[in-house]
Chemist: 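Encoded as structure tokens, here's the structure I'll be asking about.
Here is the naming used below: chain letters follow the sequence lines, and residue numbers restart at 1 for every chain.
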Amino acid sequence: MTVPIRYREDETFVLNLGPQHPATHGVLRVKLTMDGEYIVKAEPVLGYIHRMHEKMAESGSFGQFLPNTPRMDYLGALSYNHGYVMAVEQAAGIEVPERAEYIRVITVELNRLSSHLLWFGAFVLDLGGFTPLLYAFDDREKVLDLLEMVTGSRLTYCYFRFGGLYNDIEDDFVTGCREFIARLRSRMPTHYRDLVTGNIILQKRLKDIGIIDADMCARYGATGPVLRGAGVEYDVRKNHPYSAYPEFDFDIPYFPQCDSWARYLVRMEEMEQSMRIIEQALDKLPDGPVNAAKVPKIIKPDDGTYYTAVEAARGTFGIRMVCDGGKGPYRLKLRSPTFSNLSLFGEVAEGMLLADALAVMGSLDLVIPEIDR
Amino acid sequence: MGTEKIPSSIVQFGVLDQVLNLARANSLWPMTFGLACCAIEMMSAGGSRFDLARFGAEVFRPSPRQCDVMIVAGTITHKMAPAVKTLYDQMSEPKWVIAMGNCAISGGPFKFEGNYSVVEGADQFLPVDVYIPGCPPRPEALIEGLLTLEEKITGKRRWPRRDAGKQGGAVHG
Amino acid sequence: MARIESTEQLLAQIVAREVTVSETKDKEGEVKKTETLVQGVSTVDYAKAGVNLDVLASTEHVVPIAEAMAENGFFVEAVTGVDWIKDDQMEVIYDYNRMDKEPCRVAVRVRIARSAPAIPTISSIHPGANWHERETHDFFGIKFQGHPDLSPILLPEDADFHPLLKDFKP
Amino acid sequence: MDQQTLSNIIYVAIFFLTSIVIAVGATIVPKLLAPTSHTRNVDGKTDQFIECGMKPIGSAWIRFGIIYYMYALIFLAFDVDVLFLFPVAATYNTGGLENGIRDFVEVVIFVGILSLAVIYAWVKGVFKWERRKYHHQ
């Protein structure tokens, strides 16, 4: 960190890392004031895909908002289903049978795996490698087949219902899961560890780039792999246990290096943990009904404000729900993890080279419709 | 034939146009223009399982000057509409537009009475050639959309279309 | 649990407890006192409400609470605006959360008049709240005094409407 | 003008002609065949600079850092260097072994002198891209 450089206004030019850019993976625009290759000031501009989820929540009933939740973060859609369904169950006091909780955890972890696989492909694509994307997509298609077998859709699942699930899972889903985990475990050392993690070019591009330490995460409210890459062991599944997670033993990977390499390793390690959870859940899968005995036709939670948080693939997805006895929520605030994760990009990218700033943006794992809601 | 809207060139005669159209139809370079969820299905279509490369469409060009097809994959909001118009203008002729997904066709799930930020359909300001319904449409649907666009350009279908529904239905087209 | 008590004492010093007592005559003619909390800290059942502490505060407490929370290792998880059109008020809910092993969630709720909604900003203490406040200003028109740049973040740059108000017509 | 040199000249001429035909052809044919009467546009922004769909802010004709001039210089030096290596490659090793060694040494010296500039720049730290801190007014 040398002495701050004084720059003159006419020596910098403004570059639009605009809405349509391969590295932003969606319609995020970053207004970069550049001094040659260096970024003097980075200012993300949002709102290019603002789809009024919170307005729709207020105008419809509780059930009508269910299809909206997967369309916010379509890569980890089931976590959002899970968050919203848990919020309403907590407010209306609906019990969920044991088997439904287990299946929810299995499908959410499968979805986290497919989200991390897509992040892995897109992130290495940002850094210039195309082949790992095809390997990652090959595995991801296997997950999509499994989830399609149960939920019916490939991306925007609307599988959870208040008090249970839409339908039960069959045996070939269970055997399919086991085969998939065995296959991914066999491919992990060759196609992912040796090909990419061991690659010196990738390491050189990520080590000591984009230092986001625990204090910056606390100031900006960044959660998820960004926070765990800063050496803080915080995961909603462990810190505020919910659903059937307390029954499984899995650990939270966190790395103290605080740079893009640490965030990369956190997500690679999280894939392992998700597989462990799925295996334990499949072994201990209880029998029994999948839906609660009595679920009121019209959901009427008593008035007041409720807060529910879930560990989505990108961080803490929180729902602040205010009910006043109407047919739908009076106000539904969706706390999206990447909204806070991206708010620290302005401070991280200052003085960085443009190529490194793109590597950091890839390591933040952004999904833009989740930021704009 | 979809080409009547394409402006005329200096040298024109029938056979050459068919040859050109055949070449254009088999090398439709899409623009990386993923707006939302449909973009992920577009990426899956580009992946190795559904493989757009079989139709010459796997080269996703980020710059509008170098692409032929603008696949509008996702929701267009009022804030994004000027950018979409600029990108369409900057594309060089001959160019086509595919509206992929319900949002690009008619605003899809975000078309409700309190709608203040979503443009209901890409065809409100773009000349759309092919509409692909679905939310998001499966990669096979995107490939079917590309084949429909190819049929629109060359007038011939790549392989016979089977009647929907019936197993071993009559093959025609 | 120790963390929850210590945070409660900490907040109790900042927000004085104020209770309004209202008498209602029930059938036997007895005077029944119902205490409605106007201001103060109350522990809430986590399973039901999702937060450990619920603080009803007013606008001048916002910044002191934010500073106290920042020193004690809390971070702002969300800033929510609610438009209570029936009783002509607006409510801003700050959600604080911890990152270490002692989980403790605090919701600070502030009611302000609906006509000219204004509340001091905490973006200088918690930079994370900067975008949340801009978004709440976008949707409700609540002026955050001292905020560096209250331009629309999710709405188009020239947007002058506030869509989440209950009386908003597109 | 014996037979040998004549055929050499013909070969070079053919090579030269085809390169011209390809170059000129590649520019003429698209002009003829491409639909260039007009480009359909919706907003009249056909010739706006491409910047991710946005209107470019300000102009890029500003005073760049001097460091990029160094890259241009190095490229120029090595470009000319390669130009001189063509004839050397053509006549290399024609004079038997002892000539071969002499040619090799000459080429090493020639390239060595030019790479001195790069080594000097390297030592001065031109190629170290450290993260900078900017002072905002």
Chemist: Chain A heavy atoms under 4.5 Å from C:Asp138: which part of the residue, side chain, backbone, both or neither?
Modeler: neither
Chemist: Verify the neighbour count for atom NZ of A:Lys238: are there more than 12 heavy atoms of other residues, nucleotides or ligands below 6.0 Å?
Modeler: yes
Chemist: Among the options A:Val232, A:Val45, A:Thr305, pick out the one with the most heavy-atom pairs lying under 4.5 Å from chain C.
Modeler: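 Option with the top pair count is A:Thr305.
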Chemist: Would A:Lys333 pass as a cation-pi partner of C:Phe139, given that its NZ or CZ must be under 6.0 Å from the six-membered ring centre and within 45 degrees of the axis?
Modeler: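 Pair A:Lys333/C:Phe139 does not count as cation-pi.
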Chemist: Taking all atoms of both residues into account, what is the closest heavy-atom pair of C:Phe75 and A:Gly221, and its distance?
Modeler: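 Result for this residue pair: CD1-CA, 3.6 Å.
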Chemist: Non-hydrogen atoms of chain A under 4.5 Å away: do they reach the side chain of C:Ile85, the backbone, both or neither?
Modeler: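 Both parts, backbone and side chain.
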Chemist: Looking at C:Ile125, C:Asp83, C:Val76, which has the largest count of heavy-atom pairs under 4.5 Å with chain A?
Modeler: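 The residue among C:Ile125, C:Asp83, C:Val76 with the greatest pair count is C:Asp83.
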Chemist: Kindly assign one of parallel, tilted or perpendicular to the pair C:Trp84 and A:Tyr330, based on the angle between their ring planes and the thresholds 30° and 60°.
Modeler: parallel
Chemist: Can you tell me which of A:His240, A:His50, A:Arg373 forms the most heavy-atom pairs within a distance under 4.5 Å of chain C?
Modeler: A:His240
Chemist: Is C:Glu135 close to chain A through its backbone or its side chain, or both, or neither, when contacts mean heavy atoms under 4.5 Å?
Modeler: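 When you check distances to chain A, only side chain atoms of C:Glu135 fall under 4.5 Å.
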Chemist: Please flag which part of A:Glu233 lies under 4.5 Å from any non-hydrogen atom of chain C: side chain, backbone, both or neither.
Modeler: both
Chemist: Is it true that C:Asp95 and A:Arg335 make a salt bridge, defined as a side-chain N closer than 4.0 Å to a carboxylate O?
Modeler: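 Result for this pair is no, no salt bridge flagged.
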Chemist: Any chance OH of A:Tyr254 has more than 12 other-residue heavy atoms, nucleotides or ligands included, within less than 6.0 Å?
Modeler: no
Chemist: Go through the steps to decide whether A:Ser340 and C:His132 satisfy the test side chain to side chain contact (heavy atoms under 4.5 Å, CB included), and finish with yes or no.
Modeler: CA-CA 8 Å; A:Ser340 305; C:His132 284 286; 3.5 Å; yes
Chemist: Provide the closest heavy-atom pair for A:Asp372 versus C:Leu154 in the form atom of the first, atom of the second, distance.
Modeler: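 Looks like O-CD1, 3.5 Å.
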Chemist: If we define contacts as heavy-atom pairs under 4.5 Å, which of C:Pro152, C:Ala107, C:Gly50, C:Ala129 has the most with chain A?
Modeler: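 Option with the greatest count: C:Gly50.
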Chemist: With a 4.5 angstrom heavy-atom cut-off, is it the side chain or the backbone of C:Glu91 that approaches chain A, or both, or neither?
Modeler: neither
Chemist: Evaluate the side chain to side chain contact (heavy atoms under 4.5 Å, CB included) criterion for residues A:Asp324 and C:Lys86: first the C-alpha distance (whole Å), next the side-chain angles of each, then the deciding distance (0.1 Å), finally the verdict.
Modeler: CA-CA 11 Å; A:Asp324 74 335; C:Lys86 287 190 292 301; 3.8 Å; yes
Chemist: Tell me, side chain or backbone of C:Asn130 under 4.5 Å from chain A's heavy atoms, or both, or neither?
Modeler: neither
Chemist: Which of residues 82-97 of chain A have a heavy atom under 4.5 Å from any heavy atom of chain C?
Modeler: A:Gln90, A:Ala91, A:Gly93
Chemist: How close do A:Tyr234 and C:Arg98 get, heavy atom to heavy atom, and via which atoms?
Modeler: CE1-O, 3.3 Å
Chemist: Under 4.5 Å from any heavy atom of chain A, what part of C:Val79 do you find: side chain, backbone, both or neither?
Modeler: backbone
Chemist: Okay, side chain of A:Arg331, backbone of C:Gly81: is any donor-acceptor separation there less than 3.5 Å?
Modeler: yes
Chemist: Which pair of non-hydrogen atoms, one from A:Lys55 and one from C:Leu164, has the smallest distance, and what is that distance?
Modeler: CA-CD2, 3.6 Å
Chemist: Which heavy atom of C:Asp100 sits nearest a heavy atom of A:Asn239, and at what distance?
Modeler: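 Looks like O-ND2, 3.1 Å.
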Chemist: Could you look at A:Asp215 and say if it's the side chain, the backbone, both or neither that has a heavy atom under 4.5 Å from chain C?
Modeler: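 Neither the backbone nor the side chain of A:Asp215 comes within 4.5 Å of chain C.
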Chemist: Between A:Tyr220 and C:His126, is the ring centroid distance below 6.0 Å?
Modeler: no
Chemist: Considering non-hydrogen atoms only, spot the tightest contact between A:Ala222 and C:Met99 and give its length.
Modeler: O-CE, 4.0 Å
Chemist: May I ask you to name which of C:Pro103, C:Ala49, C:Ala78 has the most heavy-atom pairs under 4.5 Å with chain A?
Modeler: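 Looking at each of C:Pro103, C:Ala49, C:Ala78 in turn, C:Ala49 comes out on top.
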Chemist: Is it the backbone or the side chain of C:Pro163 that comes under 4.5 Å from a heavy atom of chain A, or both, or neither?
Modeler: backbone
Chemist: Using a 4.5 angstrom heavy-atom cutoff, name the option from A:Leu227, A:Thr308, A:Leu344 with the most pairs to chain C.
Modeler: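 Between A:Leu227, A:Thr308, A:Leu344, the count favours A:Leu227.
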Chemist: If you measure from CD1 on A:Ile319 to OG1 on C:Thr80, what distance do you get to the nearest 0.5 Å?
Modeler: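 Here the interatomic distance stands at 11.5 Å.
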Chemist: Measure C:Ala70 against the heavy atoms of chain A and call it side chain, backbone, both or neither at under 4.5 Å.
Modeler: neither
Chemist: Classify the side-chain pair C:Asp54/A:Tyr307 by whether it contains a donor and acceptor separated by less than 3.5 Å.
Modeler: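 Short answer, no.
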